[in-house]
Amino acid sequence: MAELSVQIPTSRFHLAEVALPEKNGKAALGDKNGHAPNRVSKVQHSFVHAVPGRLRLRVPRLRHDKDYAQRLQVLLEADALVSSVKIKPAASSLTMTYKVSKATEAKIRSHLSYLIQAASDVIVLKPSTLQKAADSETEKPWPGMQLSAVTAVLAVLAGPFGLPIPPLMIAATIAVTTLPVVQRAWEGITVEKKFNIDFLDFMAIAITTLQGQFLTPALMLGLIEIGENIRDRTARSSAQQTLDLLSSLGQFAWIERDGEKVQIPIQDVQKGDTVIVYPGEQVPVDGTIVRGKALLDEQKLTGESMPVLKKKGQSVYASTLVREGRIYISTERVGNDTCAGQSIQLMQQAPVHDTRMENYAAKIAQKAVLPTLLLGGIVFATTRNPARAASVLTLDFATGIRVSVPTTVLAALTYAARRGVLIRSGRALEKLAEIDTVVFDKTGTLTRGEATVVNVESLNPDTTPTRVLQLAAAAEQRLTHPVAEAIVRYAEEQKIEIPARGKWDYQLGLGVQAEIDGETVYVGSERLLEQVGIAMEQLDGNEKKATSTIYVASNGQLQGIIKYSDVLRSESREVISKLLTVEGVEVHMLTGDNKQTASVVAAELGISPTHTHAEAFPEQKATVVRELHEQGKTVAFVGDGINDSPALAYADVSVSFANGSDIARETADVVLMENDLHGLLEGIEIARKAKQLIQQNTAMIAVPNLAALVVAVLFGLNPLAATMVNNGSTVVAGVNGLRPILTSRNRKTLPAAR
């Protein structure tokens, strides 16, 4: 079972402290055995023993459900009121300590009941193998930088300055500072069954220390620590962040019980409850409408850009947004079981990678470890001079690469962020440089994801297109329907004066009737006009079949039509053209639309029909990305909805927009902060330049070290001189790695945001 790396905000669980009813000033704790009331918890549990600051419970589910036990432990460890927690699944036992100063025992009992239930519903966005990294953030970090600084100061004071510092003190400081190097060297021998770079470093440090040349090991340790610290900083800062579907939907839900409306915590909604959803609210459950009708925006779930009218008997899904209307829903699925929850669970099956940059030192210099050890042994056997052997061991490539590569990566990440491209890890930067395939979701990514007027036509010789637009905008003003907003926005862009609207009546799913300039105007669907007796004969067959058309009528006569669609982003064609021609990558498009619509859009963008995937739902999107990856391609996926999350998780590099769904944004390795696809091109360019810089730095380190190595073997070289060559090349390469930041700072102004 994969480890879960989680950092869950405790604020929503704190609400549980006051959620239970109180009787006579005391919290209702359940029955005499300590069982929580059934309404509060479906997971059976009992309080076995209690002393101030400590509780022990029996939770039978812990014995047979390992996933539940792990989620519960994560929730408890993340909670601000809990000091420590110990779970023994075999005994169904849970023991926890809490802060007596912050909560009473009664409040903790109530709080625990909610957390025990919440562990059934919580959805972890992405598993992580970085549990050690997560644990290290909560533990006191090893003071490597401080120790190496102390070691260097003591070595300098005792060496060049000649102060009478006891050699034993300096040697002891070096020994303590070397402990992480020793640990990594030991793990290489015992776990990886090989001598690694740290073993080489340890040998050089040990020999020079025993010879009393303290400045050499002090400088080596300082550079090693600098490199490791910078490398750790390239780890994704949000590697532990997760999202819980319920918290993304809100904290409370309205339900109807015994004819009354009651607001309850969203995690308490159960199958069979009648949930009420008002305009502007997200649907918290999957279910069937039993009363009312509403216009639902399903874009984040299905990718469909146009809202859908739903009535009694039709199904609705969690995470969709009610634009207009009010609906009563019979709950059928909650939490993990909803369609949105299933999409998130698909992400849990995705492969998880260390978010730090690849350790180039381990890849490049590792190959030279054995030859260097053998060469050092030969030099010692030939000359019987440990100093010459230490010089050979000192002249490795690892130290320089350990510093220069992380420095370059960190500088590139900083530069990208200044340019509006948030690259969240060193690994993402490296993979971005290797991208040879980009897969785009269509709706909201290649398109604007909103209704946009594309044409206004007059069907009456006495009425101009401008007048048609005037009448429509006047009737639709201040309505929240996306198409109404698009018409008003288009009229404003065309600088058309919008007349005042008199008495008006809006019918959900049909359109609006309004009094404008003394005329009775109808703006809406063909069905609305037919209901009020407007003749539609002048429409040809194509216009009657148009699904993205609004009809405008006045004085009992059809005046014109307004066509709208989800248009392409202004930059989509240019970006895809550059990806295909300049960057030389393969471009695919995924969409839930039918094949005909997908083909039209793909042709407009220049995407090959063989790379166009229509009618693709979350599972199919993830499958396409997996298949491309299995073909040996390095894949970037660009999407912004909940339905894109599984594909984002499976991609080598996942890209989303700052205004994308919470889950997509948190899943993404790269976030385009300006919500502009040009950021993708810029990110690829920055990543590839960083890769070139790394290659330059490797050469800067290799050439002088190889030259010095030849001198050390043939003629001998003082260990301090060898260290100066090694460290000097490291410093030069490190400064070279900072070029992205230095270049951007030297510019007077950054390019204006698009």
Side-chain angles (χ1 to χ4, degrees), residues 249-250 252-257 259-263 266 269 271-334 338-340 443 449-451 472 475-488 501 503-514 521-532 534 546-553 562 564 566 592 642:
L249 297 178
F252 296 97
W254 285 99
I255 65 169
E256 187 176 55
R257 285 203 180 130
E260 293 185 2
K261 297 174 184 176
V262 182
Q263 193 178 47
I266 196 170
V269 177
K271 184 177 179 180
D273 281 341
T274 299
V275 175
I276 311 167
V277 188
Y278 296 93
E281 295 181 347
Q282 290 190 83
V283 176
V285 298
D286 284 3
T288 303
I289 299 175
V290 294
R291 193 159 79 246
K293 61 181 178 179
L295 197 67
L296 284 146
D297 184 346
E298 300 181 329
Q299 181 177 342
K300 296 302 182 186
L301 182 64
T302 67
E304 174 55 52
S305 58
M306 295 299 135
V308 181
L309 178 67
K310 295 204 171 182
K311 305 176 183 178
K312 180 180 178 180
Q314 292 184 287
S315 297
V316 292
Y317 303 98
S319 79
T320 57
L321 175 70
V322 173
R323 285 275 196 165
E324 296 173 355
R326 178 176 61 183
I327 48 176
Y328 293 71
I329 306 165
S330 176
T331 302
E332 296 170 0
R333 292 179 296 275
V334 298
T338 62
C339 288
T443 306
E450 62 182 14
E476 299 274 27
Q477 59 188 310
R478 292 190 295 279
L479 295 181
T480 58
H481 191 290
V483 177
E485 293 173 344
I487 291 172
V488 174
R501 179 179 61 183
K503 183 179 178 182
W504 61 280
D505 178 40
Y506 175 68
Q507 298 181 56
L508 187 61
L510 292 174
V512 61
Q513 171 188 339
V521 177
Y522 297 92
V523 181
S525 66
E526 184 178 351
R527 191 155 58 96
L528 172 67
L529 271 61
E530 288 175 343
Q531 283 184 5
V532 297
I534 303 293
T547 55
S548 299
T549 301
I550 287 291
Y551 301 91
V552 182
I562 297 176
Y564 64 93
D566 180 14
I642 292 175

Determine whether Arg257 and Asp273 satisfy the following criterion, side-chain contact (heavy atoms from CB on, under 4.5 Å), listing intermediate values before the conclusion.
CA-CA 8 Å; Arg257 285 203 180 130; Asp273 281 341; 3.4 Å; yes
Rounded distance (nearest 0.5 Å) linking atom CZ of Arg501 with atom CZ of Arg478:
5.0 Å
From Glu450 atom CD to Asp566 atom CG, the distance as rounded to the nearest 0.5 Å
8.0 Å
Just by modelled atom types, is the Ser315 backbone N or O under 3.5 Å from a matching donor or acceptor in the Lys310 side chain?
yes
Nearest-0.5 Å distance that lies between atom CD1 in Ile289 and atom OG in Ser330:
11.5 Å
Please examine the side chains of Val277 and Pro284, heavy atoms only from C-beta on, and report whether any two atoms are closer than 4.5 Å.
yes
Any idea which heavy atoms bring Ala451 and Tyr564 closest together, and the distance?
CB-CD1, 4.1 Å
Ile562 CD1 to Ile487 CD1 distance, which is reported to the nearest 0.5 Å:
4.0 Å
Looking at CD of Gln282 and OG1 of Thr320, how far apart are the two atoms once the value is rounded to the nearest 0.5 Å?
8.0 Å
Yes or no on side-chain contact (heavy atoms from CB on, under 4.5 Å) for Lys271 and Val334, after CA distance, side-chain angles and deciding distance?
CA-CA 7 Å; Lys271 184 177 179 180; Val334 298; 5.9 Å; no
Nearest non-hydrogen partners of Ala475 and Val523, listed with the distance:
CB-CG2, 3.7 Å
For the student: nearest non-hydrogen atoms of Gln531 and Gln507, plus distance
OE1-OE1, 4.5 Å
What verdict does the side-chain contact (heavy atoms from CB on, under 4.5 Å) test give for Ile329 and Thr288, after you've listed the backbone C-alpha separation in whole Å, the side-chain angles of each residue and the deciding distance to 0.1 Å?
CA-CA 5 Å; Ile329 306 165; Thr288 303; 5.9 Å; no
Tyr328 and Lys312: CA distance, side-chain angles, deciding distance, side-chain contact (heavy atoms from CB on, under 4.5 Å) verdict
CA-CA 9 Å; Tyr328 293 71; Lys312 180 180 178 180; over 6 Å; no
Gln314 side chain to Lys311 main-chain N or O, any donor-acceptor pair under 3.5 Å?
yes
Which atom pair, heavy atoms only, marks the closest approach of Gly511 to Tyr506?
O-CD1, 3.4 Å
Testing the basics here: between Thr338 and Asp286, what is the closest heavy-atom pair and its distance to 0.1 Å?
CA-OD2, 3.2 Å
Minimal non-hydrogen separation, Arg326 against Ala294, with atom names
N-CB, 4.3 Å
Between the OG1 atom in Thr331 and the CD1 atom in Ile255, the distance rounded to the nearest 0.5 Å is 8.5 Å
With a 4.5 Å cut-off on side-chain heavy atoms, are Val322 and Leu296 touching?
yes
So, does Glu324 use its side chain to make a donor-acceptor pair with the main chain of His481 at under 3.5 Å?
yes
